[in-house]
There are 4 protein chains.
Amino acid sequence: MVTDHRKLPRRRGEALNAAIFQATLDELAEAGYAGLTMERVAERARAGKASLYRRWPTRIELVMDAVYHVLPVPSSVPDTGSLRTDVLAALREAARLLSGPAGEAMRGLLSEALADEARAAAFRRRSHGLGRSLMQEITRRAVERGEIDASAVTPRRLDAGQALLRQHFLFAGPPIPDELIVQIVDEVVVPLLTRR
Amino acid sequence: MVTDHRKLPRRRGEALNAAIFQATLDELAEAGYAGLTMERVAERARAGKASLYRRWPTRIELVMDAVYHVLPVPSSVPDTGSLRTDVLAALREAARLLSGPAGEAMRGLLSEALADEARAAAFRRRSHGLGRSLMQEITRRAVERGEIDASAVTPRRLDAGQALLRQHFLFAGPPIPDELIVQIVDEVVVPLLTRR
Amino acid sequence: MVTDHRKLPRRRGEALNAAIFQATLDELAEAGYAGLTMERVAERARAGKASLYRRWPTRIELVMDAVYHVLPVPSSVPDTGSLRTDVLAALREAARLLSGPAGEAMRGLLSEALADEARAAAFRRRSHGLGRSLMQEITRRAVERGEIDASAVTPRRLDAGQALLRQHFLFAGPPIPDELIVQIVDEVVVPLLTRR
Amino acid sequence: MVTDHRKLPRRRGEALNAAIFQATLDELAEAGYAGLTMERVAERARAGKASLYRRWPTRIELVMDAVYHVLPVPSSVPDTGSLRTDVLAALREAARLLSGPAGEAMRGLLSEALADEARAAAFRRRSHGLGRSLMQEITRRAVERGEIDASAVTPRRLDAGQALLRQHFLFAGPPIPDELIVQIVDEVVVPLLTRR
DNA sequence: CTCTAAACGAGACGGTACGTCCAGTCTTCGG
DNA sequence: CCGAAGACTGGACGTACCGTCTCGTTTAGAG
C-alpha cells in the first residue's frame, strides 16, 4: 500500500469500505480463509477493529461482502448458438471464478456459513443460485431452438455440471484443468439433456 | 499435594486414544468442526494437550482419525441384482454417513486439508475415493450382467451421483431428503450409464 | 428520515453545563471516579462528546468543576465562642463534604492531578487550602479572646486535624464516625494549641 | 525466601514472578499508576497476559504484591535512646518509602482499593498498619524510660505524624523536604506526647 | 425578521487496552 | 524414564473508551 492515511483526512463510508474489502481480499490470497483474522484485516486497511465490527459482525459476512463486491454476479449469459458451447462457456466462467478469491472464500465459508439459516441462505444465493439460473437460461434457449426436449430438463440435471466442477475444486483445489470441463460437458451435461 | 484423588487409573495407549476419539466426536457434534479446539477436546477427554499433539500434529489429523475410527470404510458393496437399486443403496449409505460426524468433519476439513499435498491425498482417499471405487464395482457388475455397455462408463459419470449428493449436503446441510437421492439416481446416474 | 422527533429543545451554555455537571455527579456516585468515563457522562447528559471536550480537556477538570459547582466553598467560618466547638464544627463540616461527591472526587484526583503543576495547584487550592484558611480564622479569634497563645499556632498544627480526618477517609472510606472527630479535636487539635 | 541454586528446582513460577514484579515497578516509575497497563507489564516482562491474570485478577493486586515484594515491611524499629530521634528516624524512613514506588502505588490505589472490603483491608494492612505499630513500639520504650506518660498515648496521637506526612505527599508529591519532617516532630508529635 | 455563524447531538473514525480463549511448546512430576 | 498434566509465550478474539473529526440541525444574535 502506498498512501499513508495518517496524513490524509479520515476515510468514511464507501471509501473506507473499499479499503477494507481490498485488505480482506489480500489477506484471503496470502493466508487463506482459515488464516484470515479481523485483526490483520484491520491493520492492513489501517482501520480500527471497531470499524470492521460495526459493519460486519463476523468474518463470514465480511468475506462474503468483500468477495462479491469485487466479483459481482456476471449477468451475461453465454449465447453461442449451441447447447454444448453455451454450457462449456458457462462452466469455464465458473471455473475462472473458483480459481480466484471467490473459490478460497467458498471453501472456508462452507464450514461456518450454515450456523444460522439467514447466513446460509445468503451464502447459497450468492454462490449456488448463480449456476442454476444460468443453466436454466441456456437450456431454455436450447429448447426454443429445438435442440433438446423440455422434458429432459430437471433440476438435478441442471446442477450436475456445477456439482462435478465444484467437487473437483473443493477436493483438489485450483487450478481446474480445462480437459476436465470438456469431459463434464461431453460425458455428462450434454448427454443428459439431449437424451430422447 | 500429597495424594492424587483421581478415581480412574491413568489411561495409556489405546484406552487413552479411544477416550480422545470419543471426546473429539462429541465436540464435533456439539460445536461443529469450526468450533472444535484441541483445548476442549483435551479437557473433555481429561487428557493433557501434549498427549494430543504427540499423536496428531494438527486437528485435521485428529478429526480424520477420530471419524475413521468409529466409522470405518464400509467394505460391503451393495449387490441387489440391478444397477438402479445398487446405486440407490450406495447413495443412501453415503447420505447416512454424511449426516453423521463424517459429514461435519468433511465440511470443515475442506478449508484446511489442502494446505499440504500429503494431507490432501489422505483426505481424498478417505472421503472421495470411497464413492468412486464403490461405483466402479457396481458398474462392473452391471456390465457383466449385460445391463449396461462398458463404453458408457467414464470417471465423470461415476462421480456424478456423489457430486450432486455432496453439493446438496455442503450447501444445505443435513438431513438429506430421500426424494433427492431417488431423483439423482433416476434422472442422472441411471440415464447416463444406460444410454445406448 | 425527515423529521426530528426529539422532545427537548437543544440546550446551550449554562443549561448544558448544568446538565453535564449533574450527569458527572451521578456517574461519580454510581461508578466512582475510577469508573467514570467521558463517554458515559456525555450519554447520560444526552450531549455530544465534543461538547464535553470543548469545555474540559480532561476528566480531571470536568470532575473538579462539577464537584465545586454544586458544592461551593462554604465561606461561613463557624463562630461558637470557643476554640473547641469552632474546630469541632469545622471538622464536622469537612467530614460531611468528604462523605459526598467531593470525597469520591478527591480520592480519584489524587492519582491524576499531580501530572502537571497547574492542575495540582488548582486541586490543592480547592481541596486543601480551604481547611487551612478556616483554621487560621478560628485560631485568630481564639488568640483575640486570649484563649490560646499566638506562638502556639504553626502551619503543621493547623493542618493536623484535617490530616487525621483525611487519612481516615482515604484509607477507610465513608462514613466517618463522629466519635473519631471528637477524639481528633480533644486529643490532638485542642491540646496542641492550648499548650502553655 | 532463600533460593538454593544447586538442587532445589527453581520453580518456573517464582522466576517469572520476579520478572513480572520488576516490570511492574519499572512501568510504575515510567508511567505512574494511572498509566500502568497489564498489557505493557506483560510485554515488558516478556510474559503472556494470561500469566499475569492467572496470578492477579486485577492490577490492584499486582501492584500491591509487586511493591510489597521489593519493599517488605522494615521490621527494625529505630531505637536511638530518645523519643524525638526515634520518631524522626521513623518518619524519615516513611518519607523515603513514599518517595519510591510504594508512594506512587499508594496514591493510585486509593481510588480503587476500596471497591471491596477484602482488598481495602489488605491495602490498609500493608500501607497503614506499618506506621501505627512502629509508633506503638517507640512510645512503649519512651514510657519505659519514663520520658513520657502512658496516659498521653492515644491512637489519634500515634497517627498524627503519619497523617501529616502523607497529606503532604499526597497533595504535593515527592520529594518530601526534611524540614517538614522536623517540624512535624517538634511542633506536633513530641508536644502531643510529652504534655503532662 | 431574516440570515449566518457558532454551538450542538450524534456518532464514525484510528487507536489502545481490556480480560478471555486457544495454539503449540516446554517443564514438572507421578507411575 | 516415559508420558500425563498443565503452565508457559504469543496472538486473536470482540468490547469499551479515548480524543478527534465530520455531518446535519438548531439557535442566538447581527444586520
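Values below: every heavy atom of this structure, side chains too, minus hydrogens, waters and symmetry copies. Within every chain, numbering begins at 1; the chains are lettered A, B, ... in the order of the sequence lines, protein sequences first and strands thereafter.
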Check the angle between the aromatic planes of Phe171(A) and Phe123(B) and answer parallel, tilted or perpendicular using the 30° and 60° thresholds.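 Taking Phe123(B) first and then Phe171(A), their aromatic rings lie parallel (interplane angle under 30°).
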Write down the distance between [atom1] ([X]) and [atom2] ([N]), rounded to a whole number of angstrom.
X         : N       : atom1 : atom2 : answer
Leu62(C)  : dC17(F) : CG    : C1'   : 15 Å
Leu16(B)  : dG3(F)  : CG    : C1'   : 10 Å
Glu112(B) : dA23(E) : CD    : C1'   : 12 Å
Glu43(A)  : dG11(F) : CD    : C1'   : 12 Å
Ile60(A)  : dG14(F) : CD1   : C1'   : 15 Å
Glu14(A)  : dA12(E) : CD    : P     : 15 Å
Leu52(D)  : dT9(F)  : CG    : C1'   : 12 Å
Tyr53(B)  : dG6(F)  : OH    : P     : 16 Å

Just to be sure I understand the rule, does [X] reach a base, reach only the sugar-phosphate, or reach nothing, if contact means heavy atoms closer than 4.0 Å?
X        : value
Ser51(C) : sugar-phosphate
Ala42(B) : nothing
Arg59(B) : nothing

Nearest heavy atom decides the nucleotide; on that basis, is Ala50(D) or Gly48(C) closer to the 5' end of DNA chain E?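 On the 5' side of the pair lies Gly48(C).
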For Pro57(B) and Ala47(A), find the nucleotide of DNA chain E closest to each by heavy atoms; which residue's nucleotide sits nearer the 5' end?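 By nearest-heavy-atom nucleotide position, the 5'-most residue is Ala47(A).
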Quick one: which of dA12(E), dA4(F), dC8(F) gets closest to the side chain of Arg55(B)?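 For the Arg55(B) side chain, the nearest candidate turns out to be dA4(F).
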Kindly point out which of dC8(F), dC18(F), dA4(F) is positioned nearest to the side chain of Arg54(B)?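 Nearest listed nucleotide: dA4(F).
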OP1 or OP2 of dG6(F) sitting under 4.0 Å from any side-chain N/O of Arg46(B)?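 It does not, given that no N or O in the side chain of Arg46(B) lies less than 4.0 Å from OP1 or OP2 of dG6(F).
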Heavy-atom pair of closest approach, residues [X] and [Y]:
X        : Y         : answer
Ala19(B) : Ala45(B)  : O-CB, 3.9 Å
Tyr33(D) : Gly108(D) : CD2-CA, 3.4 Å
Leu25(C) : Pro101(C) : CD2-CB, 3.8 Å

Kindly indicate whether the side chain of Leu28(C), heavy atoms from C-beta on, has any atom under 4.5 Å from the side chain of Val67(C).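 Side-chain contact under 4.5 Å: yes.
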What I'd like to find out is whether the side chain of Thr58(B) reaches to under 4.5 Å of the side chain of Glu61(B), using heavy atoms alone.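 They are in contact (side-chain heavy atoms under 4.5 Å apart), so the answer is yes.
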Say you draw a straight line from CG of Asn17(D) to CG of Leu52(D); how long is it, rounded to the nearest 0.5 Å?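 One gets 9.5 Å once the value is rounded to the nearest 0.5 Å.
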Using heavy atoms and a sub-4.0 Å distance, could you list which residues of residues 27-41 of chain C are near DNA chain E? By number, please.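 Close to the strand, none.
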If you take atom types as modelled and just measure distance, does the side chain of Lys49(D) reach the base of dG19(E) with a donor-acceptor pair under 3.5 Å?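 Per atom types, the contact qualifies.
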